[in-house]
Number of protein chains: 2
Amino acid sequence: MSIAEQSAVVRRFNRSYTQRIGALEDSFLGMGAPLGTMRLLFEIGAEPGTVQALRARIGLDSGYLSRLLRHLEADGLVALTPDPEDRRRRRVELTVSGRERWAELEARSDERARALVEPLTARQRERLARALAEADLLVRAATVTIETVDPLAAAARAAVGRYVAELDRRFPAGFAPGDPSPADASELSPPGGAFVVAVSDGEPVACGGVRTVAEGVGEIKRMWVHDGWRGAGLGSRLLRHLEGVSHDLGHRVVRLDTNETLTEAIAMYERAGYRRIERYNDNPYATDFFEKTHGA
Amino acid sequence: MSIAEQSAVVRRFNRSYTQRIGALEDSFLGMGAPLGTMRLLFEIGAEPGTVQALRARIGLDSGYLSRLLRHLEADGLVALTPDPEDRRRRRVELTVSGRERWAELEARSDERARALVEPLTARQRERLARALAEADLLVRAATVTIETVDPLAAAARAAVGRYVAELDRRFPAGFAPGDPSPADASELSPPGGAFVVAVSDGEPVACGGVRTVAEGVGEIKRMWVHDGWRGAGLGSRLLRHLEGVSHDLGHRVVRLDTNETLTEAIAMYERAGYRRIERYNDNPYATDFFEKTHGA
DNA sequence: ACATTTCGCTGACTTTAGTCAGTTGTTCGA
DNA sequence: TCGAACAACTGACTAAAGTCAGCGAAATGT
């Protein structure tokens, strides 16, 4: 299927979808407040926080949001309190009756989704759920943004923390790299290196770094993909991205080491055109070594 | 997967989808006219016709639509002409510059869809397209409405026409039922029978009828499902619906005849609990005969 | 300690979307 | 052939959504 055909499928789907369900949230109508206000209430209930975070999440004009919040407050559905950490900010949360109303929204939304699925036979329902779950994963994967960050930044530390935890779980003898030294971080920072994190909905879902091991030779380090995101091609995408980073650093060759337990990773490297080479370092956790020449 | 889990999947998908792409049509913004107006233009371009048909398709207030059309007309984008067949009606179509603008909308929409698909690897793109196509089919199938109609009504005749054409194509010796006599139609109408048509987007996509062959015995006739809708469970749903109709007519037993060439149909009858019986009529096109007792 | 920025807020405003009752011209059925 | 029904239209209206400039309090950088 060509890209043009694929995007036609997306458009066709989008059309039938928005016409029929897209408006799962239309069920928020007729609840005594305009749709936008109810949607806001729903959003607050799903994840309370600061007004600021809310605005970032749903992208409303600050003045407009303020006004909507005032309506909700007047109806006794939300409570606004100054944020103790920064008293310019205000925290929003639902009151008791706000939570009641929120539950009602939940129920309506649920009912709508159920009504969609209901007329299908059990088999078709199963197929639909499977297809939507698959599409969900891929749509999320497609909209992940890969950003270059400082390896000491919060997002990077969080991602690396999960990377280490996973290796520790998977390696028979565990994984205990010495405390990440500042030297480690600087190797993965400009000018000799870089570190990237892939973020979705504010959560780190994958990461990886490149450092310089020799003139013209880069090494990929600490590459990790969140469990829930395996099988969405995020690994391959990240790998390609890191190869690009390495190339931008002026390298012609990328290397990496890995452990034989990480079979999916190895399969991915091979698929991406890496070939096995001799051990090139004394990393005790590494058993397999790979290399790829740019453009190959 | 339980229905609750399935509707959770729908909701989860809906959330990530609407946040990220849902608004493929937001690309219509900033084109010098409000979104609604542009959407209307797009709709007219996709399928010109009478104002009436347009209103049915997109569900706008007649006054409101009229006004929007006037804007588009003033901008020289659409042309309205009285329908020669019924001069109360007006036909709408795009002018030359309207078509230009429409092409621009198409391009934008396409670009959006492409941008979604682009970051994925070829394999993942393929998977996404497949999942969305599957979801599309099932979502459409789920929202088909099955209506009881007069067998002489336009929708019914259209559906039966396609049914006959398909049998004629599939039977080795063709299929030429005598002209549908008025008697045929009355058999499939109350009080002794009924005819139903499944409609999606105004198009008949499936049909079927029930008539009374004896006290307590109904017969399913002229059951047909549109080619493009095979594999979406529409056949089973329709069959169950017709069994319900037969039961409502006071029958305890439903029969049907079919031809051995229609293997998928036969498989479906067997899956639905029908069992083979002896020939019970002299229909020359029938080779296989089935029966099911209500509640069995 | 002071200018600058940030955060949420208010007031004044516009645009978009939509409703509703009633009008005009046309067709259809008795 | 006449009244009912129908299609599209107009005018008068409302509600919802959103924009924008500017304000005051709190935080921040220098």
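Just so it is clear, the structure is predicted and the values come from calculations on it, not from any experiment. Chain naming here is simple, since letters A, B, ... match the order of the sequence lines and numbering starts at 1 in each.
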- Message: To check you understand the geometry: which heavy-atom pair defines the closest contact between L40(A) and L69(A), and what is its length?
- Response: CD2-CD2, 4.1 Å
- Ion pair check, D110(B) and R11(A), cut-off under 4.0 Å: yes
- Query: In Å and rounded to the nearest 0.5 Å, what is the CH2 to CG distance from W229(A) to L137(A)?
  - Reply: 6.5 Å
- So where does chain A start and stop touching DNA chain D, 5' to 3', when the test is distance under 4.0 Å to a non-hydrogen atom? dA16(D) to dA27(D)
- Task: To the nearest Å, give me how far apart CG (L54(A)) and C1' (dC9(C)) are.
- Result: 15 Å
- Task: Please state how far atom CG in L65(A) lies from atom C1' in dG8(C), giving the value in whole angstrom units.
- Result: 9 Å
- Message: Restricting to salt bridge (charged side-chain N to carboxylate O under 4.0 Å, His left out), what partner residues turn up for R87(B), sequence neighbours left out?
- Response: none
- DNA chain C contacts made by residues 81-88 of chain B, counting heavy atoms under 4.0 Å: D86(B), R87(B), R88(B)
- Item | Name of the residue among R90(B), R88(B), R89(B) meeting salt bridge (charged side-chain N to carboxylate O under 4.0 Å, His left out) with D83(B) | R89(B)
For nucleotides 17-22 of chain C, tabulate all protein N/O to nucleotide N/O atom pairs closer than 3.5 Å, reporting atom names and distance.
unit_1	atom_1	unit_2	atom_2	d
dA17(C)	OP1	G36(B)	N	3.2

- When rounded to the nearest 0.5 angstrom, what is the spacing between CD1 in I3(B) and CZ in R114(A)? 6.5 Å
- Message: I need the minimum non-hydrogen distance between A194(B) and V245(B), along with the two atoms involved.
- Response: CB-CG1, 3.7 Å
- Query: Starting at the 5' end of DNA chain D and moving along, which residue's nearest nucleotide shows up first, Q52(B) or R70(B)?
  - Reply: Q52(B)
- Task: Please work out if R91(A) contacts a base, only the sugar-phosphate, or nothing of the nucleic acid, heavy-atom cut-off 4.0 Å.
- Result: nothing
- Message: Using the salt bridge (charged side-chain N to carboxylate O under 4.0 Å, His left out) criterion, which residues pair with E73(A)? Sequence neighbours excluded.
- Response: R70(A)
- Task: Not counting sequence neighbours, which residues clear salt bridge (charged side-chain N to carboxylate O under 4.0 Å, His left out) with R140(A)? List them please.
- Result: D136(A), D201(A)
- Okay, side chain of T95(A), backbone of A79(A): is any donor-acceptor separation there less than 3.5 Å? no
